[in-house]
Each structure stands twice: as structure tokens, then as C-alpha cells.
Amino acid sequence: VTEQAAYHKKLNITNNERIDTIAYSDNVEDSTFVSRSSGVEKSCFVFSSEDIISSSNVSSSKVVQRSNSIFNSEFVYDCERVYDGKNINKSRNVVSANYVIGSANVMNAASVINSKFVVDVIPDGTRQIKNSAFIQHCSNLDHCLFCHNINDGEYLLFNKKVSPEEYDMIMVQLNSILLNTELEFTRNGWPREQIPLDTPIINRNIINQFAALPDKFW
């Protein structure tokens with residue numbers, strides 16, 4: 001038994017391939033490129049993190065599963081590109097948010113469910129943004145589009161009431177136009193297939209981000 005093998009055995013590190021890529025870590029199994037972390041399983045490029053399973057590009061985070069490009073976040077499951085998030089599930093492109101489920105392109109927000117393009121929404125208590133898109137400075141909305149500075153409502157378009165049928169018709173068209181569209185939340189890009197030594201530089205200018213949307217949207 002070599003000295004290195006004895007060291008890894010003592011720290012409960014199991015890796016049949018690149019065992020030399022694990023440093024200053026413990027309790028690592030079937031993973032590569034892990035540093036200063038613990039409780040890592042079936043993952044790669046994990047730094048200064050704990051309890052990471054089946055994930056990649058994870059830095060300064062805790063309890064991350066089946067996710068990619070996660071930075072400074074906790075309790076993240078089935079997500080892509082999360083920075084400074086907590087309690088994020090089945091979402092992508094999330095920055096500075098808490099309790100986000102099934103959503104995309106969310107920044108500086110909390111309690112967002114099944115919604116997209118939501119920014120600057122910090123509700124009190126259980127007031128949520130649900131099933132909505134393009135929401136800013138609002139709370140407690142359900143099935144709303146393009147709303148700003150308004151609280152408590154459902155089936156709204158530009159802060160005005162519409163029928164459920166009208167809402168559904170517009171949403172179908174909008175989803176077609178915005179297929180696979182992402183806001184530009186970072187200035188230096190989300191690291192992919194590279195060691196995330198530096199966390200992304202966040203671009204918080206929402207005007208610049210919306211300018212990246214396709215012409216057909218406007």
C-alpha cells in the first residue's frame with residue numbers, strides 16, 4: 001500500500017480513475033477534480049463545498065444534487081447556473097434568489113414558482129409569484145404577464161385584467177418566441193467544462209439583459 005493510497009483510505013476517498021485530482025478533501029467517491037470539499041459523490045470540478053452529488057462546476061456551495069455551474073449557493077437540486085441562491089429546485093439562470101422552483105431567468109427574488117424573467121421581487125411571508133413572466137417589483141401574482149409595481153392579482157397583462165383564455169393565447173405565442181432564450185446575467189460567462197476558479201461576474205443591468213431578447217419579441 002503506497003503512502004498516497006493509505007492517505008486516501010483514511011479520508012474515505014474512493015476513486016478508481018483520477019484519484020490524484022483530489023486534494024484537501026474527505027469522504028469523496030467516484031469524483032475528479034475535488035479540492036477543499038467533503039461529502040462529494042459522482043461529481044467533478046468541486047471546490048470549497050460540502051455534500052455534492054452528481055454535479056459539476058460547484059464552488060463555495062452546500063447540498064447540491066444533479067446540478068451544473070453552482071456558485072455560493074445552498075440546497076440546490078436539478079438546476080443549471082445558480083449564483084448566490086438558496087432552496088432552488090428544477091430551475092436555471094438564477095441569481096441572488098431564495099425558494100425558486102421550476103423557473104428560469106430569476107434575479108434578486110424570492111418565492112418564485114413556475115415563472116420566468118422575474119427580477120427584483122422580494123415578497124413578505126408566503127406571497128409568491130406563480131405561473132407568470134416578465135415581473136418586476138411585484139408580489140402575490142398568479143398567471144400574470146409584463147407586470148410592474150403591483151401586488152395581489154391574477155390573469156393580468158401590463159397590470160390590467162384579462163380573461164384566462166386571452167392569457168393562455170398570449171403565453172403560447174410568447175413561449176414560441178422565447179424558446180431557449182436566456183438573459184445575460186454574467187459578464188464573463190458561466191464556466192462550462194472548466195475549473196471554476198473564479199465565480200461569474202454578475203451583470204445586474206436589467207436593461208442590457210432585456211436588450212438581448214430577440215427582435216420578434218419586441
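Just so it is clear, the structure is predicted and the values come from calculations on it, not from any experiment.
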Please determine whether side-chain contact (heavy atoms from CB on, under 4.5 Å) holds for the pair L178 and L213, giving the CA-CA distance in whole Å, both sets of side-chain angles, and the decisive distance to 0.1 Å.
CA-CA 8 Å; L178 296 175; L213 297 173; 4.2 Å; yes
Excluding sequence neighbours, so at least two apart, what forms ring pair (Phe, Tyr, Trp, His ring centres under 6.0 Å) with F134?
F117, F146, F210, F217
I want to check something: taking the side chain as every heavy atom from C-beta on, are I53 and V64 in contact at a cut-off of under 4.5 Å?
no
Do the side chains of V172 and L156 join up, straight or via other hydrophobic residues, at under 4.5 Å, putting them in one cluster?
no
Is it the case that the side chains of S163 and E166 hold a donor-acceptor pair, with the cut-off being a distance below 3.5 Å and no angle test?
yes
Step by step, would you call L174 with L145 a side-chain contact (heavy atoms from CB on, under 4.5 Å)?
CA-CA 10 Å; L174 189 62; L145 283 173; 3.8 Å; yes
Under a 4.5 Å cut-off applied to non-hydrogen side-chain atoms, are L141 and C147 in contact?
yes
Can you tell me how far CG of D142 sits from CD of Q128, rounded to the nearest 0.5 angstrom?
9.0 Å
How many angstroms lie between CD1 in I177 and CG in D215, if you round to the nearest 0.5 Å?
11.0 Å
Candidate pair K90 and Y77, rule side-chain contact (heavy atoms from CB on, under 4.5 Å), full reasoning
CA-CA 6 Å; K90 295 181 179 178; Y77 308 92; over 6 Å; no
Go through the steps for D78 and R66 under the test salt bridge (charged side-chain N to carboxylate O under 4.0 Å, His left out), then give the verdict.
CA-CA 5 Å; D78 302 296; R66 301 174 302 277; 2.7 Å; yes
Tell me the closest heavy-atom pair linking A212 and E184, and the distance in Å.
CB-CG, 4.0 Å
Supply the atom-to-atom distance D26 CG to E50 CD, rounded to the nearest 0.5 angstrom.
9.0 Å
Quick check: do F33 and V46 have side-chain heavy atoms less than 4.5 Å from each other?
no
Might you work through the side-chain contact (heavy atoms from CB on, under 4.5 Å) test for D120 and H137, ending with a clear yes or no?
CA-CA 5 Å; D120 301 327; H137 298 302; 3.5 Å; yes
Minimum-distance pair of heavy atoms, taken over all atoms of N205 and N203
N-OD1, 3.1 Å
Judged by atom type as modelled, is there a donor-acceptor pair below 3.5 Å linking the side chain of N72 to the main-chain atoms of Y83?
no
For the backbone of N57 and the side chain of S69, can you confirm whether one donor and one acceptor N or O come within less than 3.5 Å of each other?
no
V34 versus V40: any side-chain heavy-atom pair under 4.5 Å?
yes
What is the distance from atom OG of S139 to atom CG of D152, rounded to the nearest 0.5 Å?
6.0 Å
What's the shortest heavy-atom distance between S48 and S37, and which atoms?
N-OG, 3.1 Å
Which heavy atom of I70 sits nearest to which heavy atom of S61, and what is that distance?
O-OG, 3.7 Å
Less than 4.5 Å apart, any side-chain heavy atom of I52 and any of E41?
no
Joint cluster assignment, I207 & I201, ILVMFWY side-chain distance < 4.5 Å
no
Do other residues, nucleotides or ligands put more than 12 heavy atoms under 6.0 Å from K161 NZ?
yes
Give, for atom CD of Q65 and atom OG of S54, the distance between the pair rounded to the nearest 0.5 Å.
7.5 Å
Quick check against the 3.5 Å criterion: does S132 have a side-chain atom that pairs as donor or acceptor with the backbone of S115?
no
I want to check something: taking the side chain as every heavy atom from C-beta on, are F75 and K62 in contact at a cut-off of under 4.5 Å?
no
In the structure I gave you, are the side-chain heavy atoms of N68 and S55 within less than 4.5 Å of one another anywhere?
no
To the nearest 0.5 Å, what is the distance between CG on N140 and CD on E154?
9.5 Å
Do V112 and I101 have side chains that get closer than 4.5 Å, going by heavy atoms?
no
Check ring pair (Phe, Tyr, Trp, His ring centres under 6.0 Å) between Y155 and all other residues, then give those that pass, not counting sequence neighbours.
H143, Y167
Under 3.5 Å, sequence neighbours excluded: what are the donor-acceptor pairs made by side chains of residues 91-98?
{"unit_1": "S91", "atom_1": "OG", "unit_2": "N89", "atom_2": "O", "d": "3.0"}
{"unit_1": "S91", "atom_1": "OG", "unit_2": "G102", "atom_2": "N", "d": "3.2"}
{"unit_1": "S91", "atom_1": "OG", "unit_2": "S103", "atom_2": "N", "d": "3.0"}
{"unit_1": "S91", "atom_1": "OG", "unit_2": "S103", "atom_2": "O", "d": "3.4"}
{"unit_1": "R92", "atom_1": "NE", "unit_2": "E182", "atom_2": "OE2", "d": "2.5"}
{"unit_1": "N93", "atom_1": "OD1", "unit_2": "W190", "atom_2": "NE1", "d": "3.3"}
{"unit_1": "N93", "atom_1": "ND2", "unit_2": "N105", "atom_2": "OD1", "d": "2.7"}
{"unit_1": "N93", "atom_1": "ND2", "unit_2": "E182", "atom_2": "OE1", "d": "3.4"}
{"unit_1": "N93", "atom_1": "ND2", "unit_2": "L183", "atom_2": "O", "d": "3.2"}
{"unit_1": "S96", "atom_1": "OG", "unit_2": "D84", "atom_2": "OD2", "d": "3.4"}
{"unit_1": "S96", "atom_1": "OG", "unit_2": "R204", "atom_2": "NH2", "d": "3.0"}
{"unit_1": "N98", "atom_1": "OD1", "unit_2": "N87", "atom_2": "ND2", "d": "3.1"}

Which heavy atom of N151 sits nearest a heavy atom of R127, and at what distance?
CB-NH2, 3.7 Å
Looking only at non-hydrogen atoms, find the nearest pair between S73 and F71 and report the distance.
OG-O, 2.8 Å
